[in-house]
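Throughout, a chain's letter reflects where its sequence line sits, starting with A, and its residues are numbered from 1.
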Amino acid sequence: MSHDAQVYVRSQTEFEYIKQKRKKDMRNQVTTFAIMIFLTLIAFTTVAAGFSVYLIVPVILLLAAIQVVLQLYYFMHMSEKNHQVAAFFLYSACLIAFTFILTFLTIIWWG
Amino acid sequence: MMKGLKKWRLFSLLAALTIFLSGCGEEYLSTLTPAGQVGRDQFNLLLLSSAIMALVIIVVVIIYVVALVKFRRKKVGEDVIPKQVEGSHTLEIVWTVIPILLLIVLAIPTVYYTYKHADVAAMDQVDEEGNKTNVTVNVKASLYWWEFEYPDLGIVTAQELVVPTDQKVYFNLKAADVKHSFWIPTAGGKMDTNVENVNQFYLEFDDASASLEQGVFYGKCAELCGPSHALMDFKVKTLEPEDFNAWVETMKTNEHVAEGELASQGEEIFNTSCIACHATSGAGTTGGMGPNLATFGDRNRVAGFMSHDEESLKKWINDPQLYKPGNLMPQPETINDGEKFSEDQLDALAAYLMGLSVEK
Amino acid sequence: MSSIAKKKGFGATLWDYLTTVDHKKIAILYLAAGGLFFVIGGIEAMLIRIQLAQPDNDFVSAGLFNEIITMHGTTMIFLAAMPILFGFMNAVMPLQIGARDVAFPFLNALGFWLFLFGGIFLNLSWFMGGAPDAGWTSYASLSLASPGHGIDFYALGLQISGAGTYIGGINFLVTIINMRAPGMTYMRMPLFTWTTFVASALILFAFPPLTIGLFFLIFDRMFGGNFFDHTMGGNTIIWEHLFWIFGHPEVYILILPAFGIFSEIFALFSRKRLFGYSSMVFATVLIGFLGFMVWAHHMFTVGLGPTANAIFAVATMAIAVPTGMKIFNWLLTIWGGSIKVTTPMLYALGFIPSFVAGGVTGIMQAAAPLDYQLHDSYFIVAHFHYVIVGGVVLAILAAVHLYWPLMFNQMLNETLGKWTFWFFFIGFHCTFFIQHFLGLMGMPRRVFTFGANQGWDTFNLISSAGAALMAIGVIILVINIIITVVKNVPVGNDPWEDGRTLEWAIPQPVPFYNFKQTPLVRGLDTFWIEKQEGNKEGMTYAEPVSDIHMPNNSFIPFVMTIGLFIAAFGALYNGEKDWAIPVLVLGLAITLGSMAVRSIKDDHGFHIHKEDLMNDEGGK
Amino acid sequence: MDFNKKYTPQTWPDHPEQVTLEGKNKFLGFWLFLGGETVLFASLFATYLALKNKGPSGMTFSTDTLFELPLVFVMTMLLLTSSLTSVYAMYHMKNHNFRGMQTWLAITVLLGLAFLCLEIYEFNHYVHLGFTYGQSAFSSSFFTLVGTHGLHVVIGLGWIILLMLRNAKRGFSLYNAPKYYTASLYWHFIDVVWVFIFTVVYLMGVVG
Ligand code: HEA
Ligand code: HEA
Ligand SMILES: [Cu+2]
């Protein structure tokens, strides 16, 4: 049973529709990619331009976060349904990861 | 009435606990016989938490025993199918809220003492003349011995910490090789000596240690540091402030002269074989490869744990590895032209070392 | 187990077990290997107690003593407790949720072999120049300073066996999420499945930090890294953090499945539904979550500063609340039930006061200023043996009796079982209760001996005497097992008569494909529901009999493991022997090669046809 | 029933990676694995941040003088683009266009290889400067963090190449679709990690 996939034959219109839809999705992916490149460019230019550290660090971290969200949600399809469990575990991982980094940054050194 | 009864119960529980607990252990070593304010704070926290925990255990055990007595199958009947209860919200709230309250009772003093015992702001305080108002000790832990430097007083000692009573004594803790942990159970909790940073805390001592069975408090290394971790003991001598000041003065000025022929012979041997690692004057700063021996004759133990007599001293000198495996003192062969010390040499060394004293 | 052996002959059986991917057989392997390591760890414990029975004892030398405690702690935690629990998870969890097997049978086998060979590698250190001697926590300054190869064995061995555990964790998670039978919603899962789930999630997040910590240690010791060498800018506290980020969740990885086992037992032998099921689930998840936020309570004396200490102290105390929920739910489960004191139930009843005693001392340690006194003293040793032995080991012993009929279709002798219990239980309290006071009286832990003048003599002697009682208990258990296996009387399904969950409904011996037809789950405690409704078969089915797809056995997991095992020797002798790097490369090549074979070769498994299934009346 | 059943674009399911139970399990298991990987890299990042610029007394290496942004920028572009090309590959998988998928994967592999070459060049350069693995705690943590990422790239490449070779003659099936899918997830994840590396290690390093 478990390996048996019901074969579902699409009608021609359905097939055309879904092909169109995929194409559109793919176009969106390319847009996402353009945004990612753009974000990267900003990040590199802020650094190259030599603004204040207190400005640069939060900005590039934010840009990185946005970029990662784009990767996860679009390239890795986390925006699609069927990903609740995956999302739950990934967020848990991020939460834990965050606490580690926070402690390592704060309490490992005593000043 | 109910409230009074409860208070009385808690009080008698605490009283009983105190008596029971302080019956355990030796006065110079046990955390149950605190010798200063820090230890006392921690002991009180122990009493408070034990009382709460005893309460929890009693409640659980009562429910448990009653259930066990009332609901055995023999009692309720072989074929009875009990009612399949799902749960109870009321009960659930009860056993969530009550533990939270108990924990709050424990958490408040916990947080308070955490900050209190970490407060070393007064460490650098000075009086009008610019002298430090408090005694500060730099503790350096090495494979298996302790060095105590008094930076403001310009003296160093090893293996036996000498501190004044009735004031806060501040400590800077550091390890020289691997991590150790500095612990005087009667005086208060321990603090690690790390390799990469200096830890700070303070302790207090109420009374002079002279009245104790051994005349000293026991100190321990509390972090596994190698084979002889168990033997890395030190002793603490507490003196009334005047006595302490007197001790400091002699430490600073005391020039040791070997008395008698044997001791002088010993001094000679010492100066060829041992002086490279061991200093014999208490004045100075840290940095010796081996423990400073200026107060050797006043000590309570040889090598931190062997009885303080010439017999153990000679045994120790002639085979340190046997008695404290893994320690870094050279075997006699390496410092005495490839041979063990002869019995005569040992006698001489022992006489010399036992004569090193600032108290006699 | 014995029945197959008779039919097949030794060689065939051996091959069968070397290549098996069946969760039931892998369970047996885990149980056997874990049991062996438990005895080894137990013997080490006995050596510790003999040495400490009297002051100034010289039964073992100082260095050897440190090796013994290190190996005792490491063996017990990584190679005994966790694998035995994995054994029960493998044996029981898929049956409880109505699955044919775990999600990745191949990886299941791989996980087992990695654990076993990691353990063997670690224990080889005894014969190859000395065991690790820096404590199971292996704090970096000491573990870098430790001469010889002991610590290298520790780091590499744990790395290998840790990989096995990690794989197992993911496997269980996916199994539980994806392979529940129809009707088995999350809120109908038996508690043992729930605790397996949460424990596996903890494994998923707790083992990577350990992996990293061990890699740092390996690089520092064998490949010229500087993570912990403070003269090169390194920092030993990083190891302490990484170890405890792993270490604290690890203790919940151990205790949660134990909680699950006891939840099954209390319900079963009280003939009563688990009280407050949903709050039990909630508490399990909450403990798992909080378990990640408290690790620094092992580091109160490190000098992290009062703010960190205060935060971690309060966070630690919070764990008492969900744990308390569980304790009271169990009490209310037996309250109003019909309690039958069988051997497993006896263990469960012994567990409650023991674990509560251990738990509350944990809360005392959480009070940071008090912990300055308790840390690294025998009080800590008392605490964690109370929770581990009083919780995890009692659960393991209970589960051995409870699930023996499920795994082997035989029943362990109840009388001997009770003897085991009483010896073990009395010995346990005798050994460890007194250690609280030793700690308060100033006795540090990890001391190879102690002087006579410190007031610790009597208590230590009592403690050692208790350990002897525990050993007697374990020996009775071993005898019991031997007798039972030799007698080999089949008992059929539902041997405890009040079984509530699916695993008791399945015919005995369990067919290798588990369920002929996928069951339909109609509520919590589905077997109980069916029985109450008079269903003789004990199950309702979700589908007609149809072909079943099964995975093929495979020798590749074993080969992959051997590759890593060989590579570990190469790493160990790096910079010392000329052959080290070639051996390292060879080992890795074997592993990678077999991985490639696995992915290139088609392995679609096989089918059991409907007709054959119809004729098969259970049995093997 | 049969894994090798031939599908046409018209019958090919919408989510070929999640049709069979094996596929579902792989899919989920892989996501969980990525959760674990997140924590793994977090540990590496945390350590790197704690040890950044720490070394023996008198060490002259520091992030602001060591790193060179142009190289990192090129590497970033290569990897980002390869992420897009693997999206293209998955697009063709959904359309049941095997040739298309293999082609895009091949491009992905080439981009990945280029990235790898630059990384090797970069490491080699540092070693020549004297910034070797054992030079300091900083160097150890840097090489370990970035090297672990590099190792992931190597594994990802090996995996994709193996898949391409193995299936070159066989075409699509429900047996290999989940494998392609998870491989592409892996590749994206590598990119996610790199985003943090170029931000936290290089950009924040250059600012000091
Ligand atoms: C299975 C293993 C296990 C379990 C379950 C626990 C459970 C707990 N542990 Fe323990 N612990 C260890 C294994 C375990 N521990 C080990 C191995 C070590 C030492 C490692 C080493 O150094 O080698 C250790 C060390 C250790 C320390 C460090 C001590 C030190 O080295 O200084 C601390 C400090 O906070 C601690 C705390 C706790 C707490 C708060 C719990 C809690 O989860 C307990 C919660 C349970 C209860 C509280 C009882 C039931 C609750 C009620 C009945 C409700 C009412 C209760 C109250 C209101 C209090 N543990
Ligand atoms: C799962 C974990 C686990 C378990 C089950 C145990 C079980 C036991 N442990 Fe321990 N222990 C640890 C985990 C565990 N321990 C850890 C983590 C440490 C810290 C290590 C460190 O400091 O680094 C420690 C440390 C530790 C110490 C402190 C050492 C020190 O600090 O110096 C002591 C001392 O008493 C001790 C004793 C015991 C005893 C008596 C048992 C008993 O319960 C054992 C019972 C088992 C048996 C008695 C089996 C006996 C078997 C036989 C006799 C053989 C029969 C033979 C055949 C049939 C062939 N353990
Ligand atoms: Cu803990």
For [Y], is there any backbone N or O sitting under 3.5 Å from a side-chain donor or acceptor partner on [X]?
X        : Y        : answer
C/Tyr277 : B/Gly87  : no
B/Glu26  : C/Met441 : no
B/Gln42  : C/Pro369 : yes
C/Ser141 : B/Lys179 : yes
B/Lys220 : C/Gly442 : no

field: salt bridge (Lys or Arg N to Asp or Glu O under 4.0 Å) involving B/Lys70 - partner list, sequence neighbours excluded
entry: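 In terms of salt bridge (Lys or Arg N to Asp or Glu O under 4.0 Å), with neighbours along the sequence ignored, B/Lys70 is linked to no residue.
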
- prompt: Are B/Val85 and C/Lys272 side-chain neighbours, meaning at least one heavy-atom pair lies under 4.5 Å?
  reply: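 The answer is yes; the side chains approach within 4.5 Å.
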
message: For a 4.5 angstrom cut-off between non-hydrogen side-chain atoms, does B/Ser181 reach C/Asp376?
response: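 A side-chain contact is absent here, since even the closest heavy-atom pair is not under 4.5 Å.
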
field: Derivation of the side-chain contact (heavy atoms from CB on, under 4.5 Å) call for C/Ile334 and B/Phe71
entry: CA-CA 7 Å; C/Ile334 58 175; B/Phe71 301 106; over 6 Å; no

Heavy-atom pairs under 4.5 Å with chain C, option from [options] with the top count:
options                      : answer
B/Pro99, B/Cys225, B/Pro325  : B/Cys225
B/Ser228, B/Ser88, B/Gly326  : B/Ser88
B/Tyr113, B/Trp183, B/Tyr112 : B/Trp183

query: Using the ring of each side chain (for Trp, its six-membered ring), is C/Tyr372 parallel, tilted or perpendicular to B/His117, with breaks at 30° and 60°?
result: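 Ring orientation of C/Tyr372 relative to B/His117: tilted.
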
Option in [options] with maximal non-hydrogen atom pairs under 4.5 Å from chain B:
options                                : answer
C/Thr307, C/Thr333, C/Ile311           : C/Thr307
C/Gly336, C/Ser61, C/Pro353            : C/Gly336
C/Thr231, C/Asn453, C/Ile69, C/Leu438  : C/Asn453
C/Leu274, C/Val360, C/Val447, C/Val321 : C/Val360

task: Against chain C, label B/Ala67 side chain, backbone, both or neither, depending on which of its atoms sit under 4.5 Å from a heavy atom there.
output: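 Contact with chain C is through both the backbone and side chain of B/Ala67.
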
Part of B/Tyr218 lying under 4.5 Å from any heavy atom of chain C: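 The answer is the side chain of B/Tyr218.
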
message: Sort by residue number and list every residue of residues 101-109 of chain B having at least one heavy atom under 4.5 Å from chain C.
response: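 Those residues of residues 101-109 of chain B which have a heavy atom under 4.5 Å from chain C are B/Leu103, B/Leu106, B/Ala107.
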
task: Given side-chain contact (heavy atoms from CB on, under 4.5 Å), test B/Ile52 with C/Met364 step by step and report yes or no.
output: CA-CA 9 Å; B/Ile52 296 176; C/Met364 292 169 72; over 6 Å; no

message: If only side-chain N and O atoms count, and only distance matters, is there a donor-acceptor pair under 3.5 Å linking C/Gln373 with B/Thr31?
response: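 Short answer, no.
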
query: Can you name the closest pair of heavy atoms from B/Val80 and C/Arg271 and give their distance?
result: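 Answer, listing the atom of B/Val80 first, then C/Arg271: O-NH1, 3.1 Å.
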
